[in-house]
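Within every chain, numbering begins at 1; the chains are lettered A, B, ... in the order of the sequence lines, protein sequences first and strands thereafter.
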Protein chains: 4
Amino acid sequence: MTSRTPDPARRSERSRQAILTAAAELVTELGYARLTIEAIAARAGVGKQTIYRWWPSKGAVVFDALLAGNANEAGSLALPDTGDVAADLRTLLRGTADELASPFLGSAGRALAAEVLTDPKLLDEYRERLLGPLLEVTRQRLRAARTAGQLAADADPDLAVELLYGPMYYRWLHGLGPLDHGYADRLVELVLRALRP
Amino acid sequence: MTSRTPDPARRSERSRQAILTAAAELVTELGYARLTIEAIAARAGVGKQTIYRWWPSKGAVVFDALLAGNANEAGSLALPDTGDVAADLRTLLRGTADELASPFLGSAGRALAAEVLTDPKLLDEYRERLLGPLLEVTRQRLRAARTAGQLAADADPDLAVELLYGPMYYRWLHGLGPLDHGYADRLVELVLRALRP
Amino acid sequence: MTSRTPDPARRSERSRQAILTAAAELVTELGYARLTIEAIAARAGVGKQTIYRWWPSKGAVVFDALLAGNANEAGSLALPDTGDVAADLRTLLRGTADELASPFLGSAGRALAAEVLTDPKLLDEYRERLLGPLLEVTRQRLRAARTAGQLAADADPDLAVELLYGPMYYRWLHGLGPLDHGYADRLVELVLRALRP
Amino acid sequence: MTSRTPDPARRSERSRQAILTAAAELVTELGYARLTIEAIAARAGVGKQTIYRWWPSKGAVVFDALLAGNANEAGSLALPDTGDVAADLRTLLRGTADELASPFLGSAGRALAAEVLTDPKLLDEYRERLLGPLLEVTRQRLRAARTAGQLAADADPDLAVELLYGPMYYRWLHGLGPLDHGYADRLVELVLRALRP
DNA sequence: CCATAACCGAGACGGTACGTCCAGTCTTCTA
DNA sequence: TAGAAGACTGGACGTACCGTCTCGGTTATGG
């Protein structure tokens, strides 16, 4: 018997685009939970099999759809480096807060976060394609600051990025309070106090 | 019109127990996603209506089932106060790390976390019955430390608890690294550095 | 506009044979209902289009496959004419009974009969290529007997052949009883009683 | 585990009726081959599962629908017995010819015949509920004629009924000629010639 | 101390979506 | 340029559960 896995070279780009577009539209219209593969296929004018052929799950489709909407995927995300690590981190966390507070990530993002937590494969992909690069550039910025003597010589970049993003994420997921610029600034101040020499 | 809300006085305790037990068993056997109300009813020897009568959703049943398994619910959770805030927080976070690292919370807990993120009602209940009390006693301990001069006078307890739990939660959810006692200790050290006068 | 009807001269004989062989094998392995065009194409090592190009339906392929297995198609089928019409008809009906009772025609034949009943085009083809010739040679034999004075002068050959084959077919299709030589003999006796002068 | 077979006492008569009605309508509108279970369910305003719960196949539904349309099922079918066996059989076969020639049985009937040939369970049911009773009353009439000395003492009722119905059925299925009263009369004449003392 | 109203187990019901299968068409690559 | 390979749209399949709705039966008061 020949292979059961499809040949990517013959893949229809038109269908791929239509599916991602339909998924993005529907997830904002209906929310993630009410989204169905059948609806995506219908909206995209595509047979269901074409979705099942190329994606393993609803979550994977939506994930790809959100990625396609962002250009974040590649190395395009660059952190500012003005030399003032406090200012740069404030800029970073203010942006993050704005994203999390936006109605879009507030709904679809939550649901997708939930999906990612549930499906190990999605989690892997998320770590590799989104979270990983983000954490890495953040670590780079912190290492630069350490080299510049702005942070303690023994500051652990792995721990530091968790200290930076974790509290905000915690607040966001649990709805513990507002995510505004003031919050971001106070968080940066505390974190730097922990990391400084 | 007849009453829409059932009479709790007539509720069958036997059925309630059977349902929670069945739910707890099945969520560990199948995982949260593959768990169904029908299966719970069948395993519990109970009509589906009896579940729908007393719980609004699958998530609510599982949530109650997990709560019933813990005794944490009431004020039973008391933080140590040896006078040494660093030691006490280490104890606290080491315990949290152990819980999160346990295989039980590692599977069902993740799924339930995901569910909680999705369902606002569940999130409310979670905040009120589990998260809230935990954060409150933690804040109390920090306030005591502040009063004792071990923390800065302007340390914000709300931010402080997020700084404490957020990074660990972040690491746990995203699978960024091991959750051991060493990690807990290093985290406490950093956080205290941020909060100290 | 390109041609709608393919050019038979360029037809691949190798493919045609492979398709008929695969169809014959699969119909005995799976039965007619579970047989699919895709399976035939796969087994024959042929593109689906090659089947659709040359046959209008699954039934037509199987029909051709069964014909290819028999040599009956041409005028090769000749009835015995020993001068004894009773003996000749017994020979004829005994053979028919044997064929119908054989496990092969008992399964595939039933299914193909069903298909033929459903599809007018197939029925036409069946009448023209199989049933028609068979009935015609039978009528010829009966006419010869009539000429020889063994049958009534006004015996209608069309009705006569139905009287001959109809009861056996009826019994076969409905599974009303065994199809053995004794049955064939008794049937011939009755029919001749009806047709004799 | 409890039984997987549903409880007929709880069956919804309203749904049963709606399904049979919808099936009867659709089979005449679309023909048997284009009929789908989904369409029946939709037309009947019924869940698909309700059909699958009570019938094993599309054929079984249509079969029941046709039966429900006829009152033939019970012993209601009584053959005439005027004492003149020839006249009675002419009446019988003329009626049969009319039925077979009617446009309704000419389309749905053919398809259902095909289905019955394919599905052994349907064939059993057909034999038991329709064909069997019909053949039995016919045999009874023939036995009465035999007792009255109108048929040969050794005439076999089983063979006789096949001789009577078989040829007409054969002509009908294969489209070999018209099914009119003249044909019925000539057939009866031949058959009686075969069966008379 | 029964009547009656509720909860209860059971499971059929109308629905929705699932993931699979195959029909028949279209496209691409190879011989 | 016919054919193999197989991806495509489309649609029905049969299954799984959803949440609602009877249906007896079994409590457990309240008139």
S.K.: Calculate the interatomic distance between D:E13 atom CD and E:dC13 atom P; express it in whole Å.
M.R.: 11 Å

S.K.: State, with a plain yes or no, whether a side-chain heavy atom of C:Y52 is found less than 4.5 Å away from one of C:I37.
M.R.: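 Touching, per the 4.5 Å side-chain cut-off.
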
S.K.: Do A:Q49 and E:dC21 have a side chain to base donor-acceptor pair shorter than 3.5 Å?
M.R.: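 In this structure, the two groups form a donor-acceptor pair.
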
S.K.: Looking at B:R10, does any N or O in its side chain come under 4.0 Å of the phosphate oxygens OP1/OP2 on E:dA5?
M.R.: no

S.K.: Using side-chain heavy atoms (C-beta onward) and a distance below 4.5 Å, is C:F63 in contact with C:L130?
M.R.: yes

S.K.: Send over the distance from C:I19 CD1 to F:dG3 P, rounded to a whole Å.
M.R.: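 It is 9 Å, rounded to the nearest whole Å.
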
S.K.: Give a yes/no on whether any side-chain N or O of A:S15 is located under 4.0 angstrom from OP1 or OP2 of F:dT9.
M.R.: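 Indeed, a polar side-chain atom of A:S15 lies that close.
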
S.K.: Please report, rounded to the nearest Å, how far the P atom of F:dA12 is from the CD1 atom of D:I51.
M.R.: 14 Å

S.K.: Does OP1 or OP2 of F:dG19 have a side-chain N or O of B:W55 closer than 4.0 Å?
M.R.: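 The answer is no; no side-chain N or O of B:W55 sits under 4.0 Å from OP1 or OP2.
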
S.K.: Is C:R11 touching bases, backbone alone, or none of the nucleic acid, heavy atoms closer than 4.0 Å?
M.R.: sugar-phosphate

S.K.: Take atom CZ of D:R53 and atom C1' of E:dA10, then tell me their distance rounded to the nearest Å.
M.R.: 13 Å

S.K.: Determine: side-chain N/O of B:T36 to OP1/OP2 of F:dA16, distance under 4.0 Å, yes or no.
M.R.: no

S.K.: Between C:R14 and B:E38, name the one whose nearest nucleotide on DNA chain F is closer to the 5' end.
M.R.: C:R14

S.K.: Tell me, do D:K58 and D:V27 make a side-chain contact under 4.5 Å, heavy atoms counted?
M.R.: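 No; the side chains remain at least 4.5 Å from each other.
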
S.K.: Specify the separation, in whole Å, of atom CZ of C:R34 and atom P of E:dA23.
M.R.: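 Checked: the CZ to P distance equals 15 Å.
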
S.K.: Mapping D:A44 and B:G45 to their closest nucleotides on DNA chain E, which lands nearer the 5' end?
M.R.: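 Between the two, 5'-proximity favours B:G45.
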
S.K.: Could you tell me whether the side chain of B:E115 reaches within less than 4.5 Å of the side chain of B:Y32, counting heavy atoms only?
M.R.: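 Result yes, sub-4.5 Å side-chain heavy-atom pair found.
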
S.K.: Rounded to the Å, how far apart are B:I37 CD1 and F:dT20 P?
M.R.: 11 Å

S.K.: Take the protein atom CG of D:D7 and the nucleotide atom C1' of F:dG24, then report the distance between them rounded to whole Å.
M.R.: 11 Å

S.K.: So for A:K48 and F:dG11, does any side-chain atom that can act as donor or acceptor lie under 3.5 Å from a complementary atom in the base?
M.R.: no

S.K.: Measuring only between side-chain heavy atoms, which start at C-beta, is B:R53 closer than 4.5 Å to B:T50?
M.R.: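 Touching, per the 4.5 Å side-chain cut-off.
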
S.K.: Would you tell me if any nitrogen or oxygen in the side chain of C:W54 comes within less than 4.0 Å of OP1 or OP2 on F:dA2?
M.R.: no

S.K.: Whole angstroms only, please: what is the OH-P distance between C:Y52 and E:dC22?
M.R.: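 After rounding, the gap between these two atoms is 11 Å.
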
S.K.: Over all strands shown, is A:T50 touching base, sugar-phosphate only, or nothing at heavy-atom distances under 4.0 angstrom?
M.R.: base

S.K.: On DNA chain E, nearest-nucleotide positions of C:P56 versus B:A41: which is more 5'?
M.R.: B:A41

S.K.: Base, sugar-phosphate, or nothing for C:K58, non-hydrogen atoms under 4.0 angstrom?
M.R.: nothing

S.K.: Does CZ belonging to D:R11 count more than 12 external heavy atoms closer than 6.0 Å?
M.R.: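 Result for CZ/D:R11: enclosed.
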
